[in-house]
Number of protein chains: 2
Amino acid sequence: MPEAIAQTYTRADEAFDCLQTAIVKGDLVPGEKIGEVELCSRFNLTRGPLREALGRLESRGLLVRRPHAGVKVVSVSADELMELYRIRETMEGLAARQAAERMTDQEIADLSATLDSHERMIEQAQGQAYYQAEGDYDFHHRIATGSRNTKLAQMLLGDLYYMVRMYRYRLSTSSGRPHMALGEHRRIVEAIAQRDGELAEFLMKRHIHAARKNIEKKIQQGELTI
Amino acid sequence: MPEAIAQTYTRADEAFDCLQTAIVKGDLVPGEKIGEVELCSRFNLTRGPLREALGRLESRGLLVRRPHAGVKVVSVSADELMELYRIRETMEGLAARQAAERMTDQEIADLSATLDSHERMIEQAQGQAYYQAEGDYDFHHRIATGSRNTKLAQMLLGDLYYMVRMYRYRLSTSSGRPHMALGEHRRIVEAIAQRDGELAEFLMKRHIHAARKNIEKKIQQGELTI
DNA sequence: TAACCCGGGATTGTTGACAATAATCGAGTT
DNA sequence: AACTCGATTATTGTCAACAATCCCGGGTTA
């Protein structure tokens, strides 16, 4: 438990979490119009908390809401997904640099350990893209928080990752280059361990750049449809 | 009117705007605990729309809310403000690069024209920091939207700028180097006009870096208190 | 004296009903 | 047959009352 503050969970929080995971997992299809009452019955909520959650999700960009016309999950075009990766490139580069300067030795050791477990997972799961994606998410998550930059972590974890994960579930994005990605992760951790912020930033940017190029190629080849 | 879509204004939107400007302008003091009913009477609202607006503002990081304990405006420490500028450095660098690649000639001409009016304003207003700050905001706003990167613009305009403006109103941040800032703006626009994305990115990063250093210096000298 | 416990009061969270608005479908006209 | 206009209907936006929870002051005890 990172925070020992036993925050009482309010219905609005519950609604928010439910909807967010539903969107990320693809239970709520992008573009589909959906009514408030249906959502209420689906998640056992009343409209008050639901509306509050909808407001939060809207301002995070996960869904759009037209007055008197209902809500619908955002549908991200291929171009927009690429733009998302461009943003990740710069922001996670910054995160890596600050993480190199600020992570504790213990955190770095833990991060290194998770990479070991990722390696085992990749060998065991042989193309189980789901676990790879989760491992990848875990890695980036740790670096974002390790940057000790509250707002940066908030923007990455609260905004960008959910949108990226939304498509990762559907597309198994990072499949195809699991070992390569792991190697890149390893080198980033090495740079962080040596407290070389500049190098960590460079490697992280290149890592995400490569991921973007990989998706771009697949889309052009028609292997991926968005 | 930028958007001809006559979006009907809902009370929640109204509440959101009211609260946001109140926070940015400093009418709502950071750290101060504030009750829902008081907010309602202050802005002539009922609690339903208000709560929705509060949810949105919370997820944008402008206020924090503890269940059953009320809401309070976030108070940003000096360190956190510096972190904000670090994020701006990278993100606005990206925005400038993409703006150089994608703005229309007309937009660039308009941008250049606004700089002329900023120059006149600076000469007239002689230290009227308020107008300078607004001019600065206008400049960065145009580049963010000019990047044609929806999410990037959303993050900059929706999240970061409000937090920065919140302190700019109080501190008149950019005062002290108005002409210098204007010159930097001019050079950035030149780079954009020449479609030199790389240079635009470099200049924008340096511009914001200088602004950060300027604030840092003032804080260390005790001229600014946060 | 200081720490702790415990009601009273106030504030927030939640609910269901009511009002306003836009999408929809049908009728009439061109 | 296609289009426009208007009433209907369903959905959203709004409200005010109810219930749950936490803060605060007074009293008690170590």
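Scope of the values below: all heavy atoms of this structure, side chains included, with no hydrogens, waters or symmetry mates. Each chain gets a letter, A, B and so on, in the order its sequence line appears, and its residues count up from 1. Computed from a predicted model, the values in this text were never measured in an experiment.
For C:dT14, the OP1/OP2 oxygens have a side-chain nitrogen or oxygen of A:Thr10 closer than 4.0 Å.
B:His68 has its NE2 atom 6 Å from the P atom of D:dC22, to the nearest Å. If you take NZ of A:Lys72 and C1' of D:dT11, they are 16 Å apart, rounded to a whole angstrom. Per the geometry, CG belonging to A:Leu54 stands 13 Å off C1' belonging to D:dG13, to the nearest Å.
Note on A:Glu107 versus A:Arg148: salt bridge recorded, some NZ/NE/NH1/NH2 to OD/OE distance being below 4.0 Å. Checked for salt-bridge contact, B:Glu36 and B:Arg42 miss the test: no charged N lies under 4.0 Å from a carboxylate O. Electrostatic pairing of B:Glu89 and B:Lys205 does not count as a salt bridge here, judged by no charged N lying under 4.0 Å from a carboxylate O.
Annotation: cation-pi geometry not satisfied between A:Arg165 and A:Tyr161 (NZ/CZ under 6.0 angstrom from ring centroid, within 45° of ring axis).
Between A:His185 and A:His207, the two ring planes are perpendicular [angle over 60°; tilted spans 30° to 60°].
The listed nucleotides are D:dG13, C:dT15, D:dT14; the one nearest the side chain of A:Arg11 is C:dT15.
Between its opening and closing five pairs, the helix from C:dT1-D:dA30 to C:dT30-D:dA1 changes axis direction by 30°, a value rounded to 10 degrees.
Checked by atom type, the side-chain pair B:Glu83/A:Gln98 shows a donor-acceptor distance below 3.5 Å.
The closest donor-acceptor contact from the side chain of B:Thr21 to the backbone of B:Asp17 lies under 3.5 Å.
Within a heavy-atom distance below 4.0 Å of DNA chain D, the residues of residues 44-53 of chain A found are A:Arg47, A:Arg51.
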